[in-house]
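Contents: one structure, followed by commentary.
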Amino acid sequence: MIAEVIVDVAAYPIDRPFDYKIPELFAGFVEPGMRVKVPFGPRKVVGYVIALKQESDVDISKLKPLDELIDFEPILSPELLELSEWLATDTLAYRIEALQVMLPAAMRAKYEKFIQVEDPDAITDTEFANMLRGRDRIPLKLADTKELLKQLKNYVDSGAVRVDTLVKQQTAVKKVRMIHIAESEELHLLLASVSKQAVKQRILLEWMIEHAGQSIEAGKLIAESGVSSTVLKTIIEKGAAQERKTEVYREPEAFELRDTAIPKQLTSHQQHAVDEVLDAFRSGSDTTFLLHGITGSGKTEVYLRTIDEVLSSGQEAIVLVPEISLTPQMTSRFKDRFGDQVAVMHSALSAGEKYDEWRKIHRKQVKVVVGARSAIFAPFEKLGIIILDEEHESTYKQEDSPRYHARDVAIWRAQFNHCPVILGSATPALESYARTSKEVYRLLELPTRAKDQALPNVTIVDMRAELKDGNRSMFSVPLAEAVRDRLDKGQQTVLFLNKRGFSSFVLCRDCGTTIQCPNCDISLTYHRASESLKCHYCGHEERVPHVCPECESEHIRFFGTGTQKAEEEITKLFPEARVLRMDVDTTRKKGSHARLLQKFSEGQADILLGTQMIAKGLDFPNITLVGVLAADTTLHLADFRAAEKTFQLLTQVSGRAGRHDLEGEVFVQTYTPEHYAIELAKAQVYEPFYHMEMTSRKQFGYPPFFYIVNIQFSHEDLMKVVGYADKAARFLAEGLSPESVIIGPTASAISRVNNRYRYQCLIKYKKEPKLTETLQALIRFYRTDWIKDGLLLSVDKSPVVIY
DNA sequence: AGCACGCCGACT
DNA sequence: GTCGGCGTGCTC
């Protein structure tokens with residue numbers, strides 16, 4: 001038998017299967033979807049078996065045998081193997097990247113080099129001998145001086161030492177030491193034989209007698225018996241207990257939030273949606289539903305009911321949420337409903353925790369996975385439904401290779417598994433909504449709130465007028481009054497600040513200079529905690545200057561992060577208010593996000609102030625006021641989706657207010673109150689916005705009327721990047737049909753990052769049969785030639801942001 | 001990619 | 001003479 005293997009080498013000529021002989025020893029054990037270790041040229045690498053066959057096109061004498069099996073059962077199903085092929089082609093990525101993206105990071109191979117001493121007598125250099133310290137195998141990285149490396153080379157040449165690469169798996173199965181205590185009789189015997197002076201040992205034995213026959217975790221035993229681990233060790237050696245390592249799953253920190261009760265009765269709209277989806281499910285149809293439900297309309301309940309049915313017919317469900325750590329309420333609802341049948345996958349988990357959750361799915365110990373983007377690759381084999389909540393969110397698109405969109409993968413898997421997909425949103429992506437009118441997706445509407453609450457009343461505050469009246473603070477008079485009112489009533493307020501535009505920079509008030517990154521075309525960001533200036537693009541960091549580097553004026557101002565500044569203003573305006581600030585700074589630590597929310601839900605604060613991350617999923621009964629401090633900040637971005645994003649954000653944020661018995665109120669502060677995205681967000685009507693925005697997209701030739709491909713070029717040399725971008729543009733123009741439009745090359749919005757100049761080229765097309773072919777050919781030029789000249793090129797089909 | 005091979009300049 | 005620079009070519 002012969003195995004077709006994709007090796008762990010991302011390079012153009014390697015991006016294809018290589019054939020290996022299966023040694024007699026492994027005959028019958030090797031299956032597609034397993035990882036293997038194979039010789040590749042002079043080294044060993046990890047590879048993925050993608051197929052088995054009897055014959056190879058390559059001469060049999062040239063075939064090498066597999067070295068080792070890493071897995072004893074496939075870790076990728078036939079479905080996922082097939083998906084990886086489609087994914088690699090569709091996103092123009094390497095096949096190996098497509099395979100690796102499906103597995104938790106902890107399963108990716110690490111390569112470590114070692115110095116292996118073959119002939120210790122030949123080592124004559126004292127420096128080298130010192131480095132070895134008598135060992136015959138040390139990590140290569142210990143040879144860290146030029147001198148040592150030179151000696152190493154000599155020894156390698158003479159054959160005294162060898163450098164070899166070890167393929168390391170970082171798959172850490174967590175094991176705990178379980179102590180199995182002997183029976184009472186045995187312990188009594190031991191106790192009698194232990195010297196009277198061994199006080200601690202006697203204490204431990206007495207403790208053990210009380211717990212005879214039990215199994216207990218070593219750490220726990222030590223804590224409870226009050227003896228040290230050395231005493232435990234001696235006692236184990238004397239035979240009082242047995243030690244065993246047991247595999248365990250890491251238990252991510254659990255958080256509890258007050259949950260909404262299970263509604264007894266669905267609204268008629270909810271019921272209709274559930275019925276339609278379940279009809280599709282039962283008939284094995286791969287229909288994609290767009291569940292358009294206004295905020296508070298109970299989309300989650302629709303998901304829960306459909307999953308319930310899917311599970312009772314023995315099938316499995318994937319639920320994607322934009323970034324799950326952001327919506328603890330969502331996960332707790334799933335856990336409440338489906339208990340330990342649920343695995344949760346989110347970015348706040350450690351690599352080990354993610355690996356454990358993945359294993360639970362792989363071992364079929366769970367039936368539902370709730371997770372962020374990459375959970376779409378959950379290794380289920382009986383998928384019955386796939387749900388993408390907040391389907392319009394840009395986090396569903398992966399920003400590095402393979403640049404896939406979870407929505408596309410979901411639809412692919414649904415077709416493979418003959419199961420439906422639900423895309424849920426209060427503010428669907430324009431592309432998705434447009435597809436319902438073309439009947440590619442099926443539209444399900446939830447036009448009313450589940451508990452019949454009124455939508456919150458939204459007031460637009462014109463900040464220009466406020467400014468004219470001499471109010472220069474971040475708070476308009478009406479918003480400040482409303483906050484005061486809630487404080488008096490003991491109700492809660494959520495204040496939302498769009499960070500962009502308020503970002504923290506350093507400005508000289510005399511010459512107007514902002515301090516720029518030396519490597520990038522961007523202002524440095526002020527970090528108060530470390531009193532430093534940082535570049536978010538290249539990581540450059542410098543001390544905060546005391547005088548302006550341009551004019552040496554001492555009048556330089558540091559603007560703290562937007563939320564810090566807002567917090568200061570709140571404290572000034574409402575000294576008695578208890579404020580919780582939630583932004584990247586206050587949620588960096590693991591679990592802090594959930595803790596903050598917990599605090600707020602328990603009423604330990606009056607005001608929750610935050611960025612993007614509080615826009616979603618918050619559902620607390622006592623929130624009756626939402627304030628958007630600066631609605632325009634997303635509006636003026638150089639992005640064709642700016643209006644759509646603003647509308648989505650305002651709608652989402654407004655939906656946080658008055659979801660329960662108390663009525664909600666929303667204030668939106670803006671300098672452009674007449675913009676349709678703001679006006680229509682006030683009215684909280686999606687359809688009119690959709691039509692307005694579609695008109696504009698049509699006029700300017702943007703999605704969904706045209707598809708877009710963004711090709712990015714970067715190089716240290718400005719002339720070279722321009723040269724290659726031009727060359728590429730001409731090549732595309734030649735290869736693609738005349739109906740397709742090629743824009744550029746133009747300099748990117750941030751024209752230099754990390755000392756590399758950036759250019760880009762956009763392709764707009766409606767129908768382009770030669771697209772993949774032409775892009776493949778372009779990538780081929782790049783990967784075979786241009787890359788050697790220091791160029792970096794990336795192709796992004798359907799980009800979500802164009803920088 | 002990463003490694004070996006191989007072919008020419010500047011050092012002990 | 002040989003050390004070491006990096007161009008070239010291959011990986012089942």
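All heavy atoms count here, side chains included; hydrogens, waters and symmetry mates do not. Numbers restart at 1 for each chain; the letters A, B, ... are given by sequence-line order, proteins then strands.
The residue A/K44 sits apart from the nucleic acid: no heavy atom pair falls under 4.0 Å.
Qualifying side-chain hydrogen bond (donor to acceptor under 3.5 Å, both in side chains) partners for A/E381, counting only residues two or more places apart in sequence or in other chains: A/K364. Under the salt bridge (charged side-chain N to carboxylate O under 4.0 Å, His left out) criterion, A/E79 pairs with A/R413, sequence neighbours left out. By the salt bridge (charged side-chain N to carboxylate O under 4.0 Å, His left out) test, A/D19 is found to be paired with A/K53, residues two or more places apart in sequence or in another chain being considered. For A/K764, the side-chain hydrogen bond (donor to acceptor under 3.5 Å, both in side chains) test picks out no residue, with sequence neighbours left out. With sequence neighbours excluded, the residues that form a salt bridge (charged side-chain N to carboxylate O under 4.0 Å, His left out) with A/D90 are A/K797.
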Every protein N/O lying under 3.5 Å from an N/O of nucleotides 8-11 of chain C:
{"residue": "C/dT11", "atom": "O3'", "partner": "A/G41", "partner atom": "N", "Å": "3.1"}

Atom pairs and distances, side-chain donor-acceptor, residues 788-796 of chain A, under 3.5 Å, sequence neighbours left out:
{"residue": "A/K788", "atom": "NZ", "partner": "A/T784", "partner atom": "O", "Å": "2.6"}
{"residue": "A/D789", "atom": "OD1", "partner": "A/K720", "partner atom": "NZ", "Å": "3.0"}
{"residue": "A/D789", "atom": "OD2", "partner": "A/Y724", "partner atom": "OH", "Å": "2.6"}
{"residue": "A/S794", "atom": "OG", "partner": "A/R403", "partner atom": "NH2", "Å": "3.4"}
{"residue": "A/D796", "atom": "OD1", "partner": "A/K397", "partner atom": "NZ", "Å": "2.5"}
{"residue": "A/D796", "atom": "OD2", "partner": "A/R403", "partner atom": "NH1", "Å": "3.3"}

Determine all donor-acceptor pairs shorter than 3.5 Å in which one atom belongs to a side chain in residues 64-73 of chain A; sequence neighbours excluded.
{"residue": "A/K64", "atom": "NZ", "partner": "A/G41", "partner atom": "O", "Å": "3.3"}
{"residue": "A/E68", "atom": "OE2", "partner": "A/K37", "partner atom": "NZ", "Å": "3.4"}
{"residue": "A/D71", "atom": "OD1", "partner": "A/R35", "partner atom": "NE", "Å": "3.4"}
{"residue": "A/D71", "atom": "OD1", "partner": "A/R35", "partner atom": "NH2", "Å": "2.7"}
{"residue": "A/D71", "atom": "OD2", "partner": "A/R35", "partner atom": "N", "Å": "2.8"}
{"residue": "A/D71", "atom": "OD2", "partner": "A/R35", "partner atom": "NE", "Å": "2.8"}

Report all side-chain donor-acceptor pairs from residues 9-17 of chain A shorter than 3.5 Å, counting only partners two or more places apart or in another chain.
{"residue": "A/Y12", "atom": "OH", "partner": "A/R780", "partner atom": "NH1", "Å": "3.2"}
{"residue": "A/D15", "atom": "OD1", "partner": "A/R95", "partner atom": "N", "Å": "2.9"}
{"residue": "A/R16", "atom": "NE", "partner": "A/P13", "partner atom": "O", "Å": "3.4"}

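In summary, the aromatic rings of A/F706 and A/Y765 are positioned with their centroids too far apart to meet the 6.0 Å limit.
Listed by first then second residue, pairs satisfying ring pair (Phe, Tyr, Trp, His ring centres under 6.0 Å) with a partner in residues 97-116 of chain A number zero, not counting sequence neighbours.
If you take CD1 of A/I2 and C1' of C/dC12, they are 10 Å apart, rounded to a whole angstrom.
Listed by residue number, the members of residues 775-794 of chain A with any heavy atom below 4.0 angstrom from DNA chain B form an empty set. Contacts of residues 92-102 of chain A with DNA chain C (heavy atom under 4.0 Å): none.
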